[in-house]
Protein chains: 4
Amino acid sequence: MMNRVVLVGRLTKDPELRYTPNGVPVATFTLAVNRTFSNQQGEREADFINCVIWRKPAENVANFLKKGSLAGVDGRIQTRNYEGQDGKRVYVTEVQAESVQFLEPKSSGGGGRSNDSYGTPPGEPQGGGNPYGGGNQNQRQNQNQNQNKGFTRMDEDPFAGNGQIDISDDDLPF
Amino acid sequence: MMNRVVLVGRLTKDPELRYTPNGVPVATFTLAVNRTFSNQQGEREADFINCVIWRKPAENVANFLKKGSLAGVDGRIQTRNYEGQDGKRVYVTEVQAESVQFLEPKSSGGGGRSNDSYGTPPGEPQGGGNPYGGGNQNQRQNQNQNQNKGFTRMDEDPFAGNGQIDISDDDLPF
Amino acid sequence: MMNRVVLVGRLTKDPELRYTPNGVPVATFTLAVNRTFSNQQGEREADFINCVIWRKPAENVANFLKKGSLAGVDGRIQTRNYEGQDGKRVYVTEVQAESVQFLEPKSSGGGGRSNDSYGTPPGEPQGGGNPYGGGNQNQRQNQNQNQNKGFTRMDEDPFAGNGQIDISDDDLPF
Amino acid sequence: MMNRVVLVGRLTKDPELRYTPNGVPVATFTLAVNRTFSNQQGEREADFINCVIWRKPAENVANFLKKGSLAGVDGRIQTRNYEGQDGKRVYVTEVQAESVQFLEPKSSGGGGRSNDSYGTPPGEPQGGGNPYGGGNQNQRQNQNQNQNKGFTRMDEDPFAGNGQIDISDDDLPF
DNA sequence: TTTT
DNA sequence: TTTT
C-alpha cells in the first residue's frame, strides 16, 4: 500500500487556520494546479485540490502563504465521508500535506525567512481526520477555544461549501 | 505547476469499462489504500480513491484486474464538478491514471502476461474529462453505443452514488 | 525544494543489514525496476537503484525481503561522494527510503505478517548518511559491534564495489 | 514496476544542450535540492541530482533556465554504466525528466512566456539513453552536426567529469 | 563538484 | 553489476 502526492500550484485564497478543542493547529487551503494540456476548447484548465496540514507547519502556512502564493505540497490522498444536511452521505477527497514548501521568492519587504514547513512526523501517523468536524458537533466549545486563540472562526466550510462547521477532538492526526 | 500521484492498493470491486460515443474506452475503479497508521481507536483505516484510465490501458485494466487485485497507479489528481439531481453543485476529486501496474502474481491458470498498462501519451495531454458525463446528457445514444461494444451499461455511478449517468464526447482526454 | 521518489521493483539480492558503531541498524538493497518501454534492440531493460533504510524498518527489510522480492519504496534521492582508493572522487546517488512496502504475497509457510516498514520519522530529519562509511574508518570497533549484534559484517560494499568498508557514527540519520 | 521522481531545486549551472548525430536535442543539468533537515554539525546540506531531458523541452530548458533558476522535474530514475578511462566500470544514476517546470517568476524584462516543458511522450518510451555517449564514439561526425545546429560542442562531461565525450544514435529515447 |  |  502506497499513497504519495506531490503538487505545485497557487493558493486560491488565504489559508484558514483553526484549532482543535485540544489546541492542535490545522490549516486548510486549496491549491490551483494548472493543467499542462488544453481541453477541446483550447483552454488550459486547472485542478482545485483541497489540502490540510496540522500542527506547527499549519501555523507557518497561515503566516507565510496567502491567496496567489506559489506552494509545493508533499503528502497523501485521504478520503472521508459525512452525513450532509440533507441526510445524504458526502464524500470528500483531500490531500493531507506532510510538508508544504514556500516557492514564492521571499517578499523583499517581508519578514519571512523560514522556507518550508514540515507536517506530522512520519513514524507517528501523520494521518487524517476531518479538519471541519462531522457537521454535527457542538460548536459552542470550539468557538470559545477559537476566541482564546485569537483567530476568527469560520462559519463556512472553506472547501466546497459543504455545510460542515467545526473541528473536533477526532481530528487529531493520530 | 506540478501534479503527481502514486498509489498502490486493492480494487474495491471489478473495474467498470465504458466507451465514449466516439468509441474511446474508459475504465474506472476504486483503490483501497490501507493507511500505515492507526486511528485513535487503534484501527487501521483505508482511503478509497477513485481512479480513471483511458484508451487501450482501460481495456487492459478491465481484462486483468478485478475486485481485490493489487494494483499500482501513476497519475494526476483531477477535479471537476457538476450539478447534482437536487440542483446542488457536486465536487469530485479523482485520479487520472497515466499508467496502471498489475502487481498481482500472475494467476497460474490465467492467460495474462502483459504486466502493465500505459495511459494517454504524454506530450499529448493525458488530461481529464468526466467518465460519467455531466449528468444531463441524453443517454439513448450511448446505450446503443455500448451495446455495439458488447458491454453492459451501468445505471449507477460506480463512484459515490452521485447520480451521474453517462459519458460524453467531452470526456475525451484531449 | 522538494525531493520525492516512489519505486516498485524486485530486490537483486538479499538485503544487507549492518549497524553503526552506536548500534543503529541500516539496511541496503538494490531494486531492479523494469522499464515500461523497449530499447532500440527491442529489449526491455531495467534500472538498478540502490536503496538505504535505517533503524527498525531496516531490520524488517532484512527479515522479510530477499532476492527477488517485490517491494515498494517511498523516499528521497540523496547524493554523497567520497575519495576512492585511487584518490579519485566517487559520486554516489541512492534512495533514502522512508518506508518500504512488502508487496510479495505473504509466503504461505512463512512467519511474516507485518506488511510494511516505516523509516525515520519525518519532522526529525530522516536524512542521509553513508551506510558504508567514508572508506577510511577503523573497522575494528565495528566488527565487534557487529558481532555483538549477531550478524556477519560485510567486507564488500554491496553497492558498486567502490571499496568502502564500514559505517560510522556520522551515518546516523540525524 | 513503478519509478517516479519529483524534484524542486535550483540549477547548479547553466544547462548543457547537445544534439545526437540524428539531431535530437538533449539537455542536461544538475539540480541542487536543499535538504529539509540539518546534519550532526547543524548544517543544511543539499543533494545534487543530475537530470536529462530530450527533444523540444530540452531546447526550452536551455532557453529558459540558467544557473540558480528554480525548477521542478517530474521523471524517472535511470541507471547506466560505462567503462571508464582506467578500464573500470562506472555506474551512473540520473533522472530522466519527462517534464520540467519553470518556477522562477517570469523575468520582467525577459521574453519567456512558456511556463513548462514536456518531455518524451508517454506511451512511447520516454526512456533513457546516455546523453554523453559511450565514451568510445567517433566524435567527428557530431562535431559537424553540432556546428550545423549552431551550438558549441562540449568536450567535458558536465556530470561527474567521467571522461565521456559524445552522444550517439543509441541515445535516442526510443 | 555544485544552487539560493 | 543485478530482479521476475
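Note that these values count all heavy atoms, side chains included, but never hydrogens, waters or copies made by symmetry. Residue numbers start from 1 in every chain, and the chains themselves are labelled A, B, ... in the order their sequence lines are given, proteins ahead of strands.
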Over all strands shown, is D:Gly68 touching base, sugar-phosphate only, or nothing at heavy-atom distances under 4.0 angstrom? sugar-phosphate
Please identify each residue that fulfils salt bridge (Lys or Arg N to Asp or Glu O under 4.0 Å) with C:Lys67, with sequence neighbours left out. none
When you get a sec, tell me which of F:dT2, F:dT3, E:dT2 is the closest nucleotide to the side chain of C:Thr30? F:dT2
Between F:dT3 atom P and C:Glu104 atom CD, what is the distance in whole Å? 15 Å
Rounded to the nearest Å, what distance is computed from the CD atom of residue A:Gln101 to the P atom of nucleotide E:dT3? 18 Å
Got a donor-acceptor contact below 3.5 angstrom from the C:Ser117 side chain to the C:Val61 backbone? no
CD of D:Glu94 to CZ of D:Arg76: how many Å apart, nearest 0.5 Å? 12.5 Å
Rounded to whole Å, CG of D:Leu70 lies from P of E:dT2 at a distance of 21 Å
In whole angstroms, the gap separating C1' of F:dT3 from CG of C:Leu103 amounts to 14 Å
Within this structure, what is the CE-to-P distance between D:Met2 and F:dT4, rounded to whole angstrom? 20 Å
For C:Met1 and E:dT4, what is the distance between atoms CE and C1' respectively, to the nearest whole Å? 6 Å
Nucleotide E:dT2, atom C1' - distance to CD of D:Glu45 in whole Å: 13 Å
Starting from P on E:dT4, measure out to CG on D:Asn34 and report it in whole angstrom. 10 Å
Can you identify which nucleotide, out of E:dT4, E:dT2, F:dT2, has its nearest atom closest to the D:Arg10 side chain? E:dT4
Measure the spacing between CG of B:Leu103 and CE of D:Met1 and express it to the nearest 0.5 Å. 9.0 Å
